Amino acid sequence: MMNSRHSRRDFLKLAAASGISSYFLSSCRQPESAAVDENTKADLILTNGNIATQDNPRSLAKAVAISNGRFLAVGTEKEVMAYRSDNTKIIDARGRTVIPGINDTHTHLIRGGLNYNMELRWDGVPSLADALRMLKEQALRTPAPQWVRVIGGWSEFQFAERRMPTLDEINAVSGDVPVFILNLYNRAYLNRAALRALGYNKNSKAPEGSTFQRDSNGNLTGLLIAQPNAAILYASIARGPQLSPDDQVNSTRQYMREMNRLGITSVIDAGGGGQNYPDDYQIIEKLHESGELTVRIAYNLFTQNPGKELEDFQRWTKITTPGKGDDFYRVNGAGEMLVYSAADFEDFTEPRPNLPQSMEENLKEVVSLLAQNKWPFRLHATYDESITRFLNVIETVNQDIPLKGMNWILDHAETISDKNIERVKALGGGIAIQHRMAYQGEYFLNRYGEKLAQRTPPIKKILNMQVPVSAGTDGTRVASYNPWVGIYWLVSGKTVGGTSLYSEANRFDRMEALRMYTANSGWFTTQEGVKGAIVPGQLADLVVLSEDYFSIPEDSIKRLESVLTIVGGKPVYAKAEFKDLNPPPLPVSPNWSPVIHYGGYKNSKPMSTVSHMPAHIGCCSPLQSGSANSSPVSLNNVGSLSNLWGNIGCACFV
């Protein structure tokens, strides 16, 4: 049941109120590059919708026709129904808002899919009490030697209690089942059983740049700390039990369905540590070969061997090439990790990392190889100081091997300066931003202050400088894979905990925010005009929304989902009045999977019984008692900020 529905006039008023130059199509417009045979008939027609087409004039339409997996006609119902035949499927959108399929330009679907069915997700859970209850229940049903894993996508500030769990609390509810809880890329909590399973003890040594927290007797407490190198977190996750190949197939299909539920129809997979090509791509390739992909995937190759990065890319440039594949599964290029010496991990509870002097030489070797082979690349780049050094290298390579037309990308760019934006533009690059600040904005505010936080990243400035920019999630570990949280962040300028980060100067109206996840995305896979808008000739990916995105309260944006998702002209997810179009259910395996009981992202409303002021105004956290296994109240040890301020008064950001 929709909370609000609007007539064409109401919808137009909403767009006009947002300052968007919008109008309904007075005729079925078609781009010159997508000529359509007037005799072609539609396989499917969607009518009675409020369709935000996202074409260049950002027009609104009432109906759309689809043929052979592409949009055939868009316009009024009368115009579109001219393409009807006796075999055309007609779907009544019942006045709901319709948007192009969401394209997440930086996520980790392939790795996430292999693990999804093993993971207990705290994404969207409104209280720590609920999170610990879920942990307790899942520990009871998880068989040996499996673990309970909470792998990112949440923030302490989303909880009503506005604090982290303590190790005492985790141990109390988990018993002898190993538990691994990852928060961002700055810390992980292991219960006593997980320490034993990994063989970590008093004599264990952490990798360089990482720390085992110890009690007064030198014993490990269970807190793993990245200071700021996340190697200890990567390594610990990788040592856990894996699913069988059959369960990995099931897990990947379940994860794609979860993405379809949230309106995602296309992604760029940014690779990941422990995700080697081609060995770790066998499951996703099997699903592609069998026609079971429900999300389009363009994938980047992420180096796997510190010190031997050039060898990785030399090998890969010999066995594959960007663009290889089809519209559902294709190689996109290199990155986001090109060389490990360039990894400026974004742990805002710690000082900015100083990259080694060897970085420039290492990066130049790899970028030169990629440029010679015309491989687009993307590079993890958080801090402006690092970006300056990266651009020095890229400019040097460009002098010898022009990068024009390569569509190379900087990822994240939270603190990029205006000068470096200009340099990116001059080199023909783009910037892919993600909503990581929605999950760690409070940490950034505490370390760097409000003035610097105002432009993390300076998205409107990037757009105004006419640099290609699009949005993604960086799911699943650092932030949630839910794009609606990202759109809420763009519109509201707030974290998931309600802390205001940005003034109006760096916030977006709803149409423009949506565009960041749709029409703006094509450049990042060299597919401009191929997907991202509901326009004749483009790939027929669209989403019918659960509520009217353009009029619901701002806080409700992050709870939006799809009631009908169509990819390539075929329904891949449906519910409510469209449930008859839903593909047959796929039982989850294995039978102890948390997904069976909790699903994925929780579209829960905040607990109404707990009241608190926004964190930037001042929210007082209860005093946290210390113990041998509790996190200390020290930012140097990556303890919870809520724990810190609970002991000294209020968690205030000024």
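Every heavy atom of this structure was used, including side-chain atoms; hydrogens, water molecules and symmetry mates were not. All of these numbers come straight from a predicted model, not from anything done at the bench.
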Is the number of heavy atoms from other residues, nucleotides or ligands within 6.0 Å of [atom1] ([X]) greater than 12?
X      : atom1 : value
Asp418 : CG    : yes
Lys374 : NZ    : yes
Arg84  : CZ    : no
Lys461 : NZ    : no

Could you go through residues 485-492 and list every donor-acceptor pair under 3.5 Å that involves a side-chain atom there, pairing it with any protein atom two or more places apart or in another chain?
residue : atom : partner : partner atom : Å
Trp489  : NE1  : Tyr502  : OH           : 3.2
Ser492  : OG   : Tyr488  : O            : 2.7
Ser492  : OG   : Lys494  : N            : 3.1

| task | Please determine which of Leu564, Val543, Thr294 meets the side-chain contact (heavy atoms from CB on, under 4.5 Å) test together with Asn260. | result |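 In the set Leu564, Val543, Thr294, the residue that makes a side-chain contact (heavy atoms from CB on, under 4.5 Å) with Asn260 is Thr294.
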| task | Could you point out which residue of Ile409, Val424, Ile459, Thr105 forms a side-chain contact (heavy atoms from CB on, under 4.5 Å) with Val469? | result |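 Testing Val469 for a side-chain contact (heavy atoms from CB on, under 4.5 Å) against Ile409, Val424, Ile459, Thr105 leaves exactly one candidate, Ile459.
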| message | Between Asn50 and Asp548, do the side chains contain a donor N or O and an acceptor N or O under 3.5 Å apart? | response |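 Judged by distance alone, the side chains do not pair up.
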| task | Anything under 30° is parallel, anything over 60° is perpendicular, the rest tilted; go ahead and classify Tyr329 against His288. | result |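 If you compare the ring of Tyr329 with that of His288, the planes turn out tilted.
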| said: Once you measure the plane-to-plane angle for Tyr299 and Tyr281, does it fall in the parallel (<30°), tilted (30-60°) or perpendicular (>60°) bin? | reply: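 Aromatic pair Tyr299/Tyr281 classed tilted.
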Please give me the minimum heavy-atom distance between [X] and [Y], naming the atom from each residue.
X      : Y      : answer
Ala413 : Pro458 : O-CD, 4.2 Å
Ser85  : Ala42  : OG-O, 4.3 Å
Pro100 : Ala533 : CG-CA, 4.0 Å
Gly112 : Tyr255 : C-CD2, 3.8 Å
Leu262 : Trp484 : O-NE1, 3.0 Å
Thr525 : Ala298 : CG2-CB, 3.6 Å

Rounded to the nearest 0.5 Å, how far does [atom2] of [Y] lie from [atom1] of [X]?
X      : Y      : atom1 : atom2 : value
Thr252 : Asn117 : OG1   : CG    : 8.5 Å
Thr321 : Trp375 : OG1   : CH2   : 6.5 Å
Trp122 : Tyr598 : CH2   : OH    : 11.5 Å
Met259 : Ile264 : CE    : CD1   : 4.5 Å
Asn332 : Asp269 : CG    : CG    : 10.0 Å
Lys602 : Trp154 : NZ    : CH2   : 13.0 Å

Only counting residues at least two apart or in another chain, list the ones meeting salt bridge (Lys or Arg N to Asp or Glu O under 4.0 Å) with [X].
X      : answer
Glu292 : Arg253
Asp92  : none
Asp411 : Arg378

| task | Check the pair Tyr481, Glu258 against side-chain hydrogen bond (donor to acceptor under 3.5 Å, both in side chains), reporting the backbone distance first and the verdict last. | result | CA-CA 10 Å; Tyr481 53 80; Glu258 169 73 351; 2.7 Å; yes
Do [X] side-chain atoms and [Y] backbone N/O form a donor-acceptor pair below 3.5 Å?
X      : Y      : answer
Asn250 : Gln254 : no
Glu512 : Asp509 : no
Thr473 : Pro483 : no
Gln454 : Ser503 : yes
Arg510 : Tyr549 : yes
Gln466 : Lys425 : no
His108 : Gly271 : yes

| message | Pair Ser480, Asn482 - check side-chain hydrogen bond (donor to acceptor under 3.5 Å, both in side chains), show working. | response | CA-CA 5 Å; Ser480 175; Asn482 186 348; 5.3 Å; no
| request: Look at Glu289 together with Lys286 and state whether they make a salt bridge at an N to O cut-off of under 4.0 Å. | output: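 Between Lys286 and Glu289 there is no salt bridge, as every charged N stays at least 4.0 Å from the carboxylate O atoms.
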| query | Are Lys62 and Glu79 close enough for a salt bridge, meaning some N to O gap below 4.0 Å? | reply |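 Answer for the salt bridge query: no.
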Under 3.5 Å, sequence neighbours excluded: what are the donor-acceptor pairs made by side chains of residues 429-436?
residue : atom : partner : partner atom : Å
Gln434  : OE1  : His412  : ND1          : 2.4
Gln434  : NE2  : Ala432  : O            : 3.0
Arg436  : NE   : Glu414  : OE2          : 2.9
Arg436  : NH1  : Glu346  : OE1          : 3.0
Arg436  : NH1  : Glu346  : OE2          : 3.4
Arg436  : NH2  : Thr382  : OG1          : 3.1
Arg436  : NH2  : Glu414  : OE1          : 2.8
Arg436  : NH2  : Glu414  : OE2          : 3.1

| task | Determine the sole option in Asp541, Asp104, Asp326, Asp327 for which the salt bridge (charged side-chain N to carboxylate O under 4.0 Å, His left out) test with Arg296 is passed. | result |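 Exactly one pass, corresponding to Asp541.
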| Inter- and intrachain pairs under side-chain hydrogen bond (donor to acceptor under 3.5 Å, both in side chains), touching residues 514-523, at least two apart |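 Qualifying pairs: Gln54-Thr518.
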| task | Would you indicate whether the side-chain heavy atoms of Gln158 and Val125 approach each other to under 4.5 Å? | result |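 Of all side-chain heavy-atom pairs linking Gln158 with Val125, at least one is under 4.5 Å.
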